[in-house]
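Report on one structure; see the data block that follows.
Start at 1 with the first residue, then count along the sequence. Computed from a prediction, not measured in an experiment: that's the story for all the values here. Computed from heavy atoms alone, side chains included, the values below leave out hydrogens, waters and symmetry copies.
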Amino acid sequence: MTPLFTVLLFLAITALSFAGTKLYITYARQKAILDIPNERSSHTLPTPRGGGVVFVAVFLIFICLCPFFYPRAVPLWISLFGGGLIIASVGWIDDRKNIPAPLRLAVHSIAVIWVLYQLGGMPSLSLGFTSLPLGMFGSILAFLGGVWMINLYNFMDGIDGLAAGEAVLVSIMAALLTTGTPVSLPLFALAASVLGFLLWNWSPAKVFMGDAGSGFLGFAFFCFALYTENTNSLPLLTWAVLVSVFAVDATLTLFMRSRQRKRLSEAHRDHLYQQFIKAGYPHAAVTGTVLLVTLLLSATVWFLRPFPFLLFAGAYVALIMTWKLLYGKISEKLRSMEVT
């Protein structure tokens with residue numbers, strides 16, 4: 001595909017997603033599919049939810065065309081379409097009627113197993129300087145990672161523009177890193193699909209993506225990461241760096257809540273980015289800062305991509321230390337605000 005074709009396709013998909021999201025907002029208001037603010041919310045007005053079904057639908061339509069252009073990647077297209085449809089469907093139902101956490105987890109597990117079956121598990125892991133054989137243990141790790149990726153992306157969809165903006169940046173960078181492979185154009189298509197939605201989701205958000213969209217994005221990144229790892233297109237560890245800001249905040253927050261003996265499935269506002277919102281920082285500023293960090297990490301990946309293991313280790317050590325430092329400072333500020 002020529003660069004001109006890619007740009008035109010990107011713009012067309014963005015426009016389609018933008019228009020579709022506008023129609024969905026009208027539909028959601030008519031059907032009262034609204035996120036009503038409560039004590040855990042970061043918004044103050046009833047806002048349409050579940051809008052992620054639009055970019056999911058646009059992207060999956062594109063995926064249906066991919067086998068004609070990239071027949072050797074058919075297992076990936078089957079994984080994305082079949083598993084993605086399952087993830088988005090259970091998310092859409094959950095957006096309208098709460099589904100018990102164990103049932104959601106079971107559905108997520110089925111979708112991840114489907115992907116592992118289609119893509120042949122994860123028999124090895126590229127470290128850059130060598131490939132580490134994993135055998136069956138690799139599939140177990142991939143299963144746990146896939147289920148966690150679906151859920152962590154859902155956890156990080158808590159303020160205006162954050163999850164969608166992250167998805168656009170990660171997809172574009174991954175597309176550039178995989179130029180010349182079957183996944184590059186679909187990744188640009190994913191970025192365009194989400195960008196059309198993001199224009200409505202940026203602060204102040206006119207619509208939320210809901211579980212249908214956030215769970216699907218985590219699932220899609222898992223599929224692409226496993227495929228590019230197994231085809232030596234882009235190491236999984238490189239993907240881990242691209243999504244590291246989300247992975248660190250979600251994982252450390254989970255550990256913190258576990259130590260505090262809080263229910264892990266309970267909705268909350270304990271993530272670092274939510275603490276900044278509670279402290280009075282505007283959504284756009286917090287989202288913009290997170291996206292800037294992701295952009296800087298992406299630039300680092302671009303220049304140091306031959307060294308995925310060193311990138312992975314360095315990025316996660318730095319982010320974990322930064323998370324702990326910032327969480328301590330923002331907690332002190334929140335306590336001082338309570339006293340005054």
Can any side-chain N or O of [X] pair as donor or acceptor with the backbone N or O of [Y] at less than 3.5 Å?
X: H283; Y: S203; answer: no
X: S258; Y: L254; answer: no
X: K31; Y: R29; answer: no
X: T289; Y: A285; answer: yes
X: W200; Y: F18; answer: yes
X: R257; Y: R263; answer: yes
X: S184; Y: G180; answer: no
X: W77; Y: Y70; answer: yes
X: E229; Y: S126; answer: yes
X: D95; Y: D211; answer: yes

Can you sort out the partners of S233 under side-chain hydrogen bond (donor to acceptor under 3.5 Å, both in side chains), two or more places apart, ordered by chain and number?
T231

With sequence neighbours left out, the residues meeting side-chain hydrogen bond (donor to acceptor under 3.5 Å, both in side chains) with S171 are none

Below 30° counts as parallel, above 60° as perpendicular, anything between as tilted: where do the rings of F216 and F55 land?
tilted

Has F255 got more than 12 heavy atoms of other residues, nucleotides or ligands less than 6.0 Å from its CZ?
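Open.
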
Got more than 12 heavy atoms from elsewhere within 6.0 Å of OH, Y316?
yes

Roughly how far apart are I87 CD1 and L80 CG, rounded to 0.5 Å?
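The CG atom of L80 is 11.5 Å from CD1 of I87, to the nearest 0.5 Å.
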
Give a yes or no on whether [X] and [Y] share a hydrophobic cluster (residues Ile, Leu, Val, Met, Phe, Trp, Tyr; joining criterion: side-chain heavy atoms under 4.5 Å apart).
X: L295; Y: W302; value: yes
X: L11; Y: V54; value: no
X: Y27; Y: V56; value: yes
X: I110; Y: F81; value: no
X: V290; Y: L292; value: no

Residue pair V112 / I150, side-chain heavy-atom distance below 4.5 Å:
yes

For a 4.5 angstrom cut-off between non-hydrogen side-chain atoms, does V147 reach F222?
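Answer no - side chains too far apart.
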
Centroid-to-centroid, F155 to W148, below 6.0 Å?
yes

